[in-house]
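These values consider heavy atoms only, across backbone and side chains, with no hydrogens, waters or symmetry-generated copies.
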Amino acid sequence: MSVTLGQATSFSEQTEWMLKVRDARDRTAFASLFDHFAPRLRGMLMKNGFGAAQADDVIQDVMLSVWRKASSFNPERAEVSGWIFQIARNRQIDVIRKERRPMPEDLAMPESTDIDGEQVLGIEQEVQKLRSAIARLTPDQRDLVQKAYLGELTHSEIQAETGLPLGTIKSRIRLGLERLRFEMKGER
């Protein structure tokens with residue numbers, strides 16, 4: 001039985017650990033959380049197709065986020081298990097998205113390596129159009145689009161770097177991409 005904000009509230013043992021981490025940065029309580037949730041997270045990740053090493057990397061990231069974001073945990077809004085599994089789910093989505101991005105060496109090479117001057121000129125013109133369109137984005141949209149697509153950062157990594165809410169990041173990127181599409185179509 002724990003007392004929170006003058007009200008007697010009964011919390012699970014895991015929630016008590018989380019509250020100790022949140023309120024006192026208690027390392028022993030964090031170790032208990034890690035020991036309790038790591039195998040459960042690993043099982044979920046491996047069931048969803050992650051290899052053991054990749055699952056372990058995600059678990060490390062998730063538990064580091066739990067430590068860093070402990071101050072935002074509110075037992076009145078969510079159970080600690082739901083809160084931690086939501087962090088894990090978001091990180092899992094980030095990893096999957098990052099894996100699906102084609103890396104330059106993965107892009108298919110054209111069958112013919114003979115590039116004529118007309119193709120080069122066409123590519124240069126497209127690049128210039130794109131640069132111009134990017135320059136016309138709002139500074140906030142331009143910065144986030146560049147971080148996501150040129151810097152290859154996930155939305156979570158951008159959030160950690162900028163401190164912006166995830167919804168704001170996603171909205172600015174989406175609006176920036178819509179504007180780029182419009183600009184590129186309009187310049188043809």
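By the side chain to side chain donor-acceptor pair (under 3.5 Å) test, S65 pairs with no residue at all, sequence neighbours left out. Partners of E157 under the salt bridge (charged side-chain N to carboxylate O under 4.0 Å, His left out) rule, at least two apart in sequence or in another chain, are K98. With sequence neighbours excluded, the residues satisfying side-chain contact (heavy atoms from CB on, under 4.5 Å) with D61 are R91. Shown here are the side-chain contact (heavy atoms from CB on, under 4.5 Å) partners of D140, two or more places apart in sequence or in another chain: T138, R172. Taking Q60 as the reference, nothing meets the side chain to side chain donor-acceptor pair (under 3.5 Å) condition, with sequence neighbours excluded. For D56, the salt bridge (charged side-chain N to carboxylate O under 4.0 Å, His left out) partners at least two apart in sequence or on another chain are R42. With sequence neighbours left out, the side chain to side chain donor-acceptor pair (under 3.5 Å) criterion links S32 to no other residue. With sequence neighbours left out, S171 forms a side chain to side chain donor-acceptor pair (under 3.5 Å) with no residue at all. Partners of R174 by salt bridge (charged side-chain N to carboxylate O under 4.0 Å, His left out), not counting sequence neighbours, listed by chain and number: E178.
The side-chain heavy atoms of I134 and V145, taken from C-beta on, include no pair separated by under 4.5 Å. You'll find the side chain of Q159 stays beyond 4.5 Å of the side chain of L164, heavy atoms only. Residues M44 and Q92 form a side-chain contact, since some pair of their non-hydrogen atoms from C-beta on lies under 4.5 Å apart. Between Q141 and L177, every side-chain heavy-atom pair lies at or beyond the 4.5 Å cut-off. A heavy-atom distance below 4.5 Å is not found between the side chains of T28 and K20. Within the 4.5 Å cutoff, the side chain of P75 has heavy atoms near those of the R22 side chain.
Residue pairs satisfying the ring-ring contact (aromatic ring centres under 6.0 Å, His included) criterion with at least one member in residues 15-61, sequence neighbours excluded, are listed as follows: F30-W67. Sorted by first and then second residue, the salt bridge (Lys or Arg N to Asp or Glu O under 4.0 Å) pairs involving residues 81-90 (not counting sequence neighbours) form an empty list. For residues 73-97, the pairs satisfying ring-ring contact (aromatic ring centres under 6.0 Å, His included) are F73-W83, with sequence neighbours left out.
Annotation: R27, atom CZ; neighbour count of heavy atoms from other residues, nucleotides and ligands within 6.0 Å does not exceed 12. Few gaps surround CD on Q86; more than 12 heavy atoms of other groups in view lie less than 6.0 Å from it.
Contact detail for I59 and A38: the closest heavy-atom pair is CD1-O, 3.5 Å. The shortest non-hydrogen separation linking R142 to A135 is NH1-O, 2.9 Å.
Note: L33 CG to E13 CD = 10.0 Å, rounded to the nearest 0.5 Å. Put simply, CD on E161 and NZ on K147 are 3.5 Å apart, with the number rounded to the nearest 0.5 Å. Rounding to the nearest 0.5 angstrom, the gap separating the CD1 atom in I173 from the CG atom in L180 is 11.5 Å. The CZ atom of R179 sits 5.5 Å away from atom CG of L137, with the distance rounded to the nearest 0.5 Å. One distance of note links CG of D23 with CE of M18; it measures 9.0 Å at 0.5 Å rounding. Separation of atoms CD (Q146) and CG (L153) is listed at 11.5 Å; rounding is to 0.5 Å.
The cluster map of Ile, Leu, Val, Met, Phe, Trp and Tyr, joined by side-chain heavy atoms under 4.5 Å apart, puts L166 and I93 in different clusters. In terms of hydrophobic clustering, with Ile, Leu, Val, Met, Phe, Trp and Tyr side chains grouped at heavy-atom distances under 4.5 Å, L41 and I96 are assigned to a common cluster.
A side-chain contact (heavy atoms from CB on, under 4.5 Å) with V66 is found for exactly one of V80, I84, V21, namely I84.
T15 places no side-chain N or O within donor-acceptor distance of the main-chain N or O of F11, the cut-off being under 3.5 Å.
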